[in-house]
Amino acid sequence: MNEAARDFIRQIIADDLASGRHREVVTRFPPEPNGYLHIGHAKSICLNFGVAEEFGGRCYLRLDDTNPLKEDQQFVDAIMRDVRWLGFDWGDRLTHASDYFEQFYDCALELIRNGKAYVDSLNAEQIRAYRGTLTEPGRDSPYRDRSVDENLELFQRMRAGEFADGEHVLRARIDMASGNINLRDPILYRIRRARHQRTGDDWCIYPMYDFAHTISDALEGITHSLCTLEFEDHRPLYDWILDQLDLPSRPRQIEFSRLNVAYMITSKRRLAQLIEEGRVGGWDDPRMPTIAGLRRRGYPPAALRDFCARVGVTKKEHLIEMALLENSVREQLNADAPRAMAVLDPLKVVLTNYPEGQTESLPAARHPQRPELGERELPFSRELWIERDDFMEDAPKKFHRLKPGGEVRLRNAYIIRCDEVVRNEAGEIAELRCRYDPDTRSGLPGAQRKVKGTIHWVAAAAALEAPVRLYDRLFTVPRPDADRSGRDFHEFLNPDSLRLVPDAKLEASLAAARPGEVVQFERLGYFVADSEDSKPGRPVFNRIVTLRDSWAKIEQAALQAER
Ligand code: ATP
Ligand code: MG
């Protein structure tokens, strides 16, 4: 890796390896299985697994399952699926915080024996009141000076299930006057009679995040514990716990800024809310910023990795443009996606000089830059569909598509001229009557004849009619969950985030599209055959992304109008 490409974390790791402080780098990605992973997690996954890979080290996938009330096996399965899909491999390093419940308990006993932890019998509300505020110090609990023996006995009885939920907690004995609220005797254990998805009813006390996480890191020999900036204020507690206990290793916590992408929400709690309220179809709805949603939307894993690499790792909080993500997606797809033709808003064209009942088959390259992908056959006949907005009756000079008396080339086929516009009773344009120039298809002398515009088309008789879903951003403002006006994120849901075209006209070859297969509909964008709803011969397509960033243009136009 070249020096310039190194972010501050990779620099620290390189230095630690060079100085001999560590022989091997060990990292972990520690999601809580209380929801699906989202794009923000992708950044953390790429960082943790990425540095382990680059420096020849190891990375653990650790499920942080210390809160049985919120966690679920379906989320564990989804997390593993998503990390693997992103292209990372934890080998035999799949762990659970719950693997260490017995060790956490022993560590708690060690703290109690050393006078560093005590059983508090204040209730939750009292504990809050005693904690003080950012400006006022806290007060000692009346139970703070219980003897070691009494604490040991009470804690053991807590474990044995002799008390009700909330009756006691175990707290670290640090400093109720600390300027850092996290050090004001934080809770280490609470009583919670809940069945754990892995340990069942073995435990009725569960450790708090900071305690469990620090010890898990030390037990696994994590060298660099990488987390997001909100844990910066927890680092003194992390270090305090390491100082007090006799543990096999001493990890170092390093914080970096969260990934925030414009027009997206990355909070599992809020995403869960959108699902419960039926605003989206589920965790894998193609509009969701979850990894499962992005996968179903058709984003390739390489695009997400590329995006995370471009975003980089810093300590600065900023909002990343969606265009950056979409460009990574386009770059990946452009290289690989075969081309096809589809008409989403059809207008009929009748070729008056094309014999009725005749059909022919025109070969077309699957990919303009990749002849090895071969060709597909396009049926051609007298009646065709073209895109309604590729025709204009009172067209300005610069309109180079089809207009009365004008010529246009049909992609991979002939040049046609529009002779007549036919209207229905309502006065709407119902069909165009055109003539084709039989000399102008590929392989014939007129193939080289130039006209200004080329449009896509689909032969009417052979068209495959299929649903196409046009997805757009889920929210209308860049920071839906932190809007300056203080309004709730629901108010910014984009009512047009999904537009269904029930019967788009697709070229016949698309009937063979397999679920998950990606194609470029020429001039329209990249589309994927939906992995859930497609049936053999009857694909349902999702729009992954348009060919160009139409929003950037709209935003630019809006900016210019403001000036
Ligand atoms: P959420 O707020 O969505 O519930 P979380 O931080 O509570 O997210 P965890 O399962 O605890 O979710 O996160 C696992 C790891 O992913 C943590 O190390 C966390 O720092 C990291 N992470 C979470 N969100 C982001 C983000 N937006 N950008 C970068 N890393 C993130
Ligand atoms: Mg968390």
Side-chain angles (χ1 to χ4, degrees), residues 7 9 27-52 59-67 69-72 74-80 82-83 86 88 90 94-98 207-214 216-217 220 222 224-235 238 251-275 283 288-294 304-305 307-320 322 324-325 479-482 489:
D7 51 66
I9 290 180
T27 55
R28 85 287 170 270
F29 172 63
E32 182 178 359
N34 61 348
Y36 276 51
L37 299 177
H38 52 59
I39 182 117
H41 293 116
K43 171 173 174 173
S44 181
I45 295 167
C46 288
L47 175 63
N48 280 292
F49 282 94
V51 297
C59 180
Y60 285 83
L61 174 61
R62 183 200 307 145
L63 295 150
D64 171 28
D65 56 350
T66 50
N67 184 354
L69 291 183
K70 291 201 256 155
E71 295 153 10
D72 196 283
Q74 75 148 304
F75 298 135
V76 172
D77 297 341
I79 287 168
M80 299 204 295
D82 291 347
V83 173
L86 261 185
F88 297 103
W90 54 85
L94 175 70
T95 58
H96 299 76
S98 57
M208 300 299 285
Y209 172 82
D210 287 306
F211 188 61
H213 183 247
T214 308
S216 305
D217 279 353
E220 288 173 356
I222 304 300
H224 301 83
S225 178
L226 312 177
C227 62
T228 35
L229 277 176
E230 68 270 23
F231 292 104
E232 199 162 25
D233 290 344
H234 296 239
R235 181 162 18 103
Y238 188 91
R252 169 176 174 192
Q253 175 177 311
I254 305 170
E255 308 88 15
F256 61 94
S257 60
R258 288 177 79 84
L259 172 62
N260 299 305
V261 184
Y263 302 94
M264 288 187 177
I265 273 184
T266 48
S267 145
K268 279 182 276 189
R269 193 171 51 78
R270 286 184 171 160
L271 295 176
Q273 211 178 329
L274 292 175
I275 296 165
W283 287 102
M288 289 282 267
T290 51
I291 295 179
L294 298 172
L304 293 185
R305 293 195 302 267
F307 169 69
C308 291
R310 281 169 199 257
V311 166
V313 180
T314 68
K315 274 188 179 285
K316 270 209 212 73
E317 286 285 359
H318 44 204
L319 193 63
I320 305 295
M322 210 176 209
L324 191 69
L325 174 59
R479 284 187 179 277
D481 51 354
F489 70 95

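Since this is a predicted model, take the numbers as computed values, not measurements. Start at 1 and go down the list; that is how both ligands and their atoms are numbered.
- At least one N or O atom of Leu259, backbone or side chain, sits closer than 3.5 Å to an N or O atom of ligand 1.
- Thr266 and Arg258 make their closest contact through O-NH2, 3.5 Å (heavy atoms, listed as atom of the first residue, atom of the second, distance).
- Scanning for side chain to side chain contact (heavy atoms under 4.5 Å, CB included) contacts around Pro30 gives Arg28, Arg62, His213, with sequence neighbours left out.
- Residue-ligand proximity, Thr266 to ligand 1, at heavy-atom distances under 4.0 Å covers atoms 3 (O).
- Considering backbone and side-chain N/O atoms, Lys43 never comes within less than 3.5 Å of an N/O atom of ligand 1.
- By the 4.5 Å heavy-atom criterion applied to side chains, Tyr36 and Ile275 are not counted as neighbours.
- With sequence neighbours left out, Asp233 forms a side-chain hydrogen bond (donor to acceptor under 3.5 Å, both in side chains) with no residue at all.
- For ligand 1, one of its N or O atoms has an N or O atom of Arg258 under 3.5 Å away.
- Numbered from 1 in the order shown, with element, the atoms of ligand 1 that lie under 4.0 Å from a heavy atom of Pro31 read 10 (O), 14 (C).
- The nearest non-hydrogen atom to atom 29 (C) of ligand 1, considering only Cys46, Gly40, Ser44, Ala272, comes from Gly40.
- Looking at ligand 1, you'll find an N or O of His41 within less than 3.5 Å of one of its N or O atoms.
- Considering CH2 of Trp283 and CG of Asp82, their distance stands at 11.0 Å, rounded to 0.5 Å.
- The closest approach between His38 and ligand 1 falls below 4.0 Å for a heavy atom of the residue.
- Interface atoms of ligand 1 facing Ser267, defined by a heavy-atom separation under 4.0 Å, are 3 (O).
- Residues Ile45 and Ile291 are in side-chain contact: their nearest non-hydrogen atoms beyond the backbone lie under 4.5 Å apart.
- Nearest to atom 10 (O) of ligand 1 by heavy-atom distance, out of Arg270, Arg269, Lys268, Arg62, is Lys268.
- Side-chain atoms of Lys315 and Ser257, non-hydrogen and from C-beta on, never get closer than 4.5 Å to each other.
- Of the polar atoms of Thr228, at least one N or O is found under 3.5 Å from an N or O of ligand 1, judged by distance alone.
- Ring planes of Phe29 and Phe49: tilted class, angle from 30 to 60°.
- For ligand 1, one of its N or O atoms has an N or O atom of Glu32 under 3.5 Å away.
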